[in-house]
Structures are given as structure tokens and as C-alpha cells.
Visitor: 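Got a structure for you, written out below as C-alpha cells; questions coming shortly.
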Amino acid sequence: MHVRPPALVSRVVVVLLALLLPHVTQADPSSWRPIVLSELPPGHMAEIRVAADVPTLVRFESELDPAGTRLQEQNSSPFESLDVSGRLLLLHPSASAWLLPRMHLQVRRMDGTSLILVLVPSPPALADAQVDVFLHPFSPGALRAALERVGAEHEALKLQYASSQAELARYRDDEFNADVAIAVLLLDDEASSHLVKDNVLEVKNADVRASAWFVRLAGRSAYVFLVMNRHRTENWTLGQGLILNDRTRESLPVIVRARPSIIPPGGSGRVVLVTRTPPSAGKARYEVQLQGPDGPRWQLCYYGAEL
């Protein structure tokens, strides 16, 4: 293992403090894998999974002694860098590293005590990115890390709860929304068959085709699209539906419902757009758009529509 000159070691430590510590303090607690030394089976040592060209950051509860932290094996070092900064140990095997089946890393703390970590070669996808090493589960560092993880889980649950409440509020609003009720009614094949007219509009592009019907009901104007996905391999998913004034390009408030939400290759589905019939319905013309997620090739447009 090569030895850096003292001046170079100092510069490395400064760089580590500048680059690593902000990321460590802001890291998601769940991204750290904890190792509790007192919970290891008798005769077993703590293992760190390492891979070529994959940096691993190990955090300890007390400061480390850089001079006493080294590989026990005497062969040439596989590491591009093996650096200590305070409580942090950075392992970075080089891209061309030939890792032994198991390597032993001696880590010495500033109080003079030492421990041995076993470095185990691993596929890059399974290598450790960040590891916490604790003496026992009730040490201050372990309790602090556990609190951080519980806090992160609590925040995630709060976000999930807020999202569920917003979705529930939307469903409650929809329960008494006449526009939504009409859209859901027109999604039903049997109900829709009694409301749609005979004159069928055809819109299509290279990958998707649709038959469309116009319905005016209870002060609302609606377009019902029977969408057929002609692509051989890709699903069709509705991104959004728009009704635009041809002259002003103003977008009307619209309720959009689709069933199913994803149409597989060769499949078909129904999309309904409902808007309040505007006062100028007999004078203006509109553009009705069904936009897919992948740009113009999935977009269906009907120009000169009436409301």
C-alpha cells in the first residue's frame, strides 16, 4: 500500500472535509447500512461489501487514527484512495482493482483501540455505498442513527398521508360534480350507446386511431373517443385532454376521464372530455386534443369542433 507524503495527506483530508461532510450530514438516513459490532455472531467480524471503482464511505462513532488504519495484507493496495477524515473512512477501489477474496482492514481509533473490518468483493450493484459502524445498539451513535431513520420514515408517512388526503378530497369533490358524473356516464358502453349520435368523426396518426362522437347534455358539451392503439409494441397512455378555442387558443376548463388508463398494443379504450357549453358555442370553433406522453406521434387532434 503506497504512503502519501504528509503535505499531500493534509490536502486530502481538507478535500474530504469539504466534499464529504456536507453530503454525509444531508444524506437520507435510510441510505446508511448499519453494522452493530455487539450483535455479530461469536467469531465473526464486520464485513463491508466493496467493488472496483465504487466508493464506500464508512462512518464510525469516534475519530480514527489515520496512521493506524491500513490493510493487513502485504500485497499492493487495490485502492485508488483509502483516506481517513475524523470519523469517516473512504474506500475507493481503482477501476482496475484485483480484489482478493477477502481482505482485512485494521481501523485504529484515536483512543488506541482497534477493530478489524473484512472487505468482501461484491458486484457493483450490491456494493456498500454508506455504512455506519456502532459498538452496540444502545450507544449514542446507534440511538441517534435510529432516531434519524424513524424521523425519515415519519416524514415519508406524513407525505403519503397528505397525498392520500388530497386524493380523498378530490374524490369527495367529484362525488357532487355534475361534469365528472357525465364523464363517468359516457365511459360506460351501455349508457353511452343511448347518448351518442350516429355521425362518427375519425382522427388518426401513424400509431393511434380514434372514432369520436359529440354529445350535448344538461348544459355540457362532451367528446367521446374510442381510441385504438395501432402500435406493435408500445402502450398508449393519455397524458392530457384539451379543448382550445381556434381563434384565441384559450383552453376551456375540461374534465377528462379514460378507461383503461393504459391501452396495450392492438387494444382499445374510451376517453371522454366534458366542458360547460360556452355561450358562444354556435359561433366559435374549437380544437380537441388527446395528448400522449411521448410527443406529437401519440397526439390526436380534431379541428373545427363544435360545442
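Model, not experiment: these values are computed from the prediction.
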Visitor: Starting from the C-alpha separation in whole Å, work towards a yes-or-no answer on side-chain contact (heavy atoms from CB on, under 4.5 Å) for M103 and Q72.
Guide: CA-CA 8 Å; M103 293 178 292; Q72 290 188 336; over 6 Å; no
Visitor: Please check if the number of heavy atoms outside R249 that lie under 6.0 Å from its CZ is greater than 12.
Guide: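 Check passes, neighbour count above 12.
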Visitor: Count the heavy atoms belonging to other residues, nucleotides or ligands that lie under 6.0 Å from CD of Q160, then report whether that count exceeds 12.
Guide: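 Atom CD in Q160 is not crowded, with 12 or fewer foreign heavy atoms closer than 6.0 Å.
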Visitor: Could you tell me whether R230 and D207 make a salt bridge, using a distance below 4.0 angstrom between a side-chain N and a carboxylate O?
Guide: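 The answer is no: the pair does not qualify as a salt bridge.
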Visitor: Among V271, L238, V208, which residue meets the side chain to side chain contact (heavy atoms under 4.5 Å, CB included) test with L300?
Guide: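 So, applying the side chain to side chain contact (heavy atoms under 4.5 Å, CB included) to L300 and each of V271, L238, V208, only V208 qualifies.
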Visitor: Between L64 and V50, is there shared hydrophobic-cluster membership here, with clusters defined by ILVMFWY side-chain heavy atoms closer than 4.5 Å?
Guide: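 They do share one cluster, since a chain of ILVMFWY contacts under 4.5 Å joins L64 to V50.
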Visitor: Between V288, L290, V272, which is the residue that forms a side chain to side chain contact (heavy atoms under 4.5 Å, CB included) with Y223?
Guide: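 Of V288, L290, V272, side chain to side chain contact (heavy atoms under 4.5 Å, CB included) with Y223 is met by V288 alone.
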Visitor: Would you call R285-E306 a salt bridge at under 4.0 Å N-O?
Guide: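 Looking at R285 and E306, the cut-off is met.
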Visitor: If we check side chain to side chain contact (heavy atoms under 4.5 Å, CB included) with F60, which of these qualifies: L89, V131, V84?
Guide: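 By the side chain to side chain contact (heavy atoms under 4.5 Å, CB included) criterion, F60 pairs with just one of L89, V131, V84: L89.
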Visitor: May I ask you to decide if L135's main-chain N or O and E61's side chain share a donor-acceptor pair within less than 3.5 Å?
Guide: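 Confirmed, E61 side chain pairs with L135 backbone.
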Visitor: Does a salt bridge link R276 with D179, judged by any charged N lying under 4.0 Å from a carboxylate O?
Guide: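 D179 and R276: salt-bridged.
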Visitor: Looking at D65 and R108, does any basic side-chain N land under 4.0 Å from a carboxylate oxygen?
Guide: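 Judged by the 4.0 Å cut-off on N to carboxylate O distance, D65 and R108 do form a salt bridge.
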Visitor: Where the side chain of D111 meets the backbone of E63, is there a donor-acceptor pair that is under 3.5 Å apart?
Guide: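 No, D111 side chain to E63 backbone: no donor-acceptor pair under 3.5 Å.
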Visitor: Is N245 reaching over with its side chain to a backbone N or O of E250, donor-acceptor style, under 3.5 angstrom?
Guide: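 No.
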Visitor: Please determine, by modelled atom types, if T275 and S221 share a side-chain donor-acceptor pair under 3.5 angstrom.
Guide: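 No, no side-chain donor-acceptor contact under 3.5 Å.
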Visitor: Find out if a path of hydrophobic residues (ILVMFWY) with successive side-chain heavy-atom gaps under 4.5 Å connects V133 to L119.
Guide: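 Both belong to a single hydrophobic cluster.
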Visitor: Going from NE2 on H44 to CG on L37, what distance comes out if it is rounded to the nearest 0.5 angstrom?
Guide: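 It comes to 14.0 Å.
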Visitor: For the residue pair E202 / S211, report whether a side-chain donor-acceptor contact shorter than 3.5 Å exists.
Guide: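 Yes - a donor-acceptor pair under 3.5 Å links their side chains.
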Visitor: So how far is it from S268 OG to L226 CG, rounded to the nearest 0.5 Å?
Guide: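 Atom-to-atom, S268:OG and L226:CG are 5.5 Å apart.
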Visitor: Measure the CD1-CG distance between I35 and L117 for me, rounded to the nearest 0.5 Å.
Guide: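 Here the interatomic distance stands at 7.0 Å.
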Visitor: For R220 and A218, indicate whether the former's side chain and the latter's backbone hold a donor-acceptor pair under 3.5 Å.
Guide: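 The answer is yes, because a donor-acceptor pair under 3.5 Å joins these two groups.
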